[in-house]
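Per chain, numbering begins at 1; letters A, B, ... match sequence-line order.
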Protein chains: 2
Amino acid sequence: MTPPPIHILLADDHLVVRAGLLALLSTQADFEVVGEAANGREAVEKVLDLQPDVLLLDLEMPEMDGVEVIQALKEEGVAARVIVFTVFDTDERVLAAVQAGAQGYLLKGAPRDELFRAVRVVYEGGSLLQPIVASKLMRQMQEQANPDRSDMVETLSTREQEVLGKLALGLQNKEIAAQLQITERTVKFHVSSILAKLGAGNRTEAVTIAAQRGIIDL
Amino acid sequence: MTPPPIHILLADDHLVVRAGLLALLSTQADFEVVGEAANGREAVEKVLDLQPDVLLLDLEMPEMDGVEVIQALKEEGVAARVIVFTVFDTDERVLAAVQAGAQGYLLKGAPRDELFRAVRVVYEGGSLLQPIVASKLMRQMQEQANPDRSDMVETLSTREQEVLGKLALGLQNKEIAAQLQITERTVKFHVSSILAKLGAGNRTEAVTIAAQRGIIDL
DNA sequence: TCCCTCCCTGTCCCAAAGTACAGGTTCCCG
DNA sequence: CGGGAACCTGTACTTTGGGACAGGGAGGGA
């Protein structure tokens with residue numbers, strides 16, 4: 001007798017990606033794609049409805065992004081295990097997804113076997129990250145554990161992230177101060193902290209670095 | 001008797017996307033996928049080798065990007081017609097692709113029928129842009145035709161684009177001047193032009209706007 | 001040829017950015 | 001309760017950024 005297949009739900013806003021995953025996964029006898037979702041909200045609904053074993057989830061989606069989907073599922077107390085499947089490989093995004101509770105992280109373009117293995121491993125309760133992703137994550141973790149390394153990447157406080165967002169819009173300190181109801185002096189303080197933590201020489205470079213690392217979205 | 005099928009070559013660096021396109025296109029009796037390429041260089045080689053009727057081309061690829069592929073094919077005098085198939089929908093990228101010689105421009109996530117129709121239309125010598133893409137292109141063209149409109153989006157001169165690139169790196173005027181072998185004063189002049197053309201209030205906003213429009217890549 | 005665009009340079013000037021130094025609060029964790 | 005982290009504020013200072021105004025040379029198209 002054959003074992004029951006692994007039930008998989010696909011969540012991606014691009015038709016071709018869903019079609020591709022369906023085509024690839026269908027070649028495996030122990031996989032069964034039970035449904036598809038084209039946005040985050042739909043993904044959450046279908047997980048609750050269809051109770052898949054594994055959710056293949058894109059991070060960039062309309063309505064609700066991938067990290068939010070994972071968090072929503074957690075609040076619902078859902079058992080499904082999640083593999084993030086995306087084009088992003090920046091430290092921050094990987095960390096956010098894993099912290100939210102993803103068990104796997106694959107980059108689009110991952111080879112067939114890696115995809116198949118990830119589904120099986122995660123289904124069995126394990127975790128699987130692509131080597132490139134794993135190393136990024138490791139580095140992040142180590143840096144958070146040793147806050148006294150010289151080459152560390154410090155995390156921005158929530159306030160600093162707020163200010164950073166305003167910087168990206170091209171606002172000047174005075175305008176930021178008004179919007180955040182604080183003094184211009186305080187804004188300068190935060191900006192200096194941001195520059196130091198990101199290793200930037202000025203606000204423009206800070207925005208570029210933040211965008212590259214996935215800390216902010218332009 | 002059935003007519004000969006339309007020969008299609010797929011060029012995308014992501015396995016799933018190629019698999020998805022293959023799966024979707026294979027449902028049509030008059031389509032035949034004759035090959036796949038995972039990067040730009042390979043795409044050019046395979047077009048020359050396999051002589052497809054239509055090339056489905058991603059813009060973002062390693063080795064050689066989509067626009068470069070189109071240009072390379074043009075220099076080789078190849079007859080194949082090109083449909084750009086990408087996630088980017090910024091004005092600049094669309095314009096660049098169409099100017100380089102693409103006959104179609106589809107966004108990933110385009111519905112089945114639109115994809116099929118695009119292949120057939122382009123094969124028969126026509127052009128097809130998704131409505132969203134078409135409107136962006138139209139706007140660009142109109143703005144270039146009327147250089148005296150108030151809401152126009154002016155194009156940056158080559159020198160300005162150079163300076164813009166340096167701005168994104170967070171360099172200051174003095175540093176840019178040194179790198180470009182010009183006076184700091186001249187750099188200021190170019191920066192001012194860039195700000196005016198992009199509608200930015202300062203260099204930081206200019207970088208953000210440029211990144212959003214696809215003028216620069218971070 | 002004339003005009004227009006791009007590229008380049010200069011001086012003056014003020015506002016904005018960023019640093020240095022010094023200090024305050026609250027809140028949470030061990 | 002002590003200590004750290006995040007957040008906030010202040011004065012004083014130097015450097016950078018960007019605008020206003022004015023100009024010159026090279027090259028392409030009507």
Could you tell me whether the phosphate oxygens of C/dA17, OP1 or OP2, come under 4.0 Å of any side-chain nitrogen or oxygen in A/Asn173? yes

Using a strict threshold of under 4.0 Å (side-chain N to carboxylate O), is an ion pair present between A/Glu184 and A/Lys174? no

I'd like to know if A/Asp13 pairs up with B/Lys108 as an ion pair, taking the criterion as any Lys NZ or Arg NE/NH1/NH2 lying under 4.0 Å from an Asp or Glu carboxylate oxygen. no

Check every atom of C/dA16, D/dG18, C/dG18 against the side chain of A/Lys174 and return the nucleotide holding the closest atom. C/dA16

Would you mind reporting whether B/Tyr105 and B/Thr86 have side-chain heavy atoms less than 4.5 Å apart? yes

Nearest-angstrom distance from the residue atom CD1 of B/Ile176 to P of D/dG17: 8 Å

Would you say B/Leu164 and B/Ile215 make side-chain contact, with heavy atoms under 4.5 Å? yes

Rounding to an integer number of Å, can you tell me how far A/Asn202 CG sits from C/dA16 C1'? 13 Å

Tell me which one of A/Arg203, A/His190, A/Lys166, A/Arg185 satisfies side chain to side chain donor-acceptor pair (under 3.5 Å) with A/Asn173. A/Arg203

Evaluate the criterion side-chain contact (heavy atoms from CB on, under 4.5 Å) for residue pair B/Leu57 and B/Ile83; output intermediate values, then yes/no. CA-CA 6 Å; B/Leu57 180 67; B/Ile83 299 177; over 6 Å; no

Output one line per pair: protein atom, nucleotide atom from nucleotides 24-30 of chain C, and distance, for all N/O pairs under 3.5 Å.
none

Decide, yes or no, whether a salt bridge links B/Arg120 with B/Glu124 under the criterion of side-chain N to carboxylate O below 4.0 Å. no

Could you check how far CD of A/Glu162 sits from P of D/dC7, rounded to whole Å? 8 Å

Do B/Leu56 and B/Leu9 make a side-chain contact, defined as non-hydrogen atoms from C-beta onward lying under 4.5 Å apart? no

In whole angstrom, what separates B/Leu195's CG from D/dA20's C1'? 15 Å

Divergence of helical axes at both termini of the helix from C/dT1-D/dA30 to C/dG30-D/dC1 - five pairs an end, 10° steps: 50°

Less than 4.0 angstrom from a charged side-chain N to a carboxylate O is my criterion; do B/Arg18 and B/Glu36 meet it? yes

Dump the pairs, protein N or O against N or O of nucleotides 7-9 of chain C, anything under 3.5 Å, distances to one decimal.
from, atom 1, to, atom 2, distance (Å)
C/dC7, OP1, B/Thr158, OG1, 3.1
C/dC7, OP1, B/Arg159, N, 3.1
C/dC7, OP2, B/Ser157, OG, 2.2
C/dC8, OP1, B/Arg159, NE, 3.1
C/dC8, OP1, B/Arg159, NH2, 2.6
C/dC8, OP2, B/Arg159, NE, 2.6
C/dC8, OP2, B/His190, NE2, 2.8
C/dT9, OP1, B/Thr183, OG1, 3.3
C/dT9, OP2, B/Thr183, N, 2.7
C/dT9, OP2, B/Thr183, OG1, 3.0
C/dT9, OP2, B/Thr186, OG1, 2.6
C/dT9, O5', B/Thr183, OG1, 2.8
C/dT9, O5', B/Thr186, OG1, 3.4

Residues, nucleotides or ligands: over 12 heavy atoms within 6.0 Å of B/Arg117 CZ: no

Whole-Å distance between D/dA6 P and A/Gln161 CD? 12 Å

Just wondering, do A/Leu180 and A/Val187 contact through their side chains at under 4.5 Å, heavy atoms? no

In whole angstrom, what separates B/Leu171's CG from D/dT16's P? 13 Å

Using atom NZ of B/Lys188 as one end and atom C1' of C/dA17 as the other, report the distance to the nearest whole Å. 13 Å

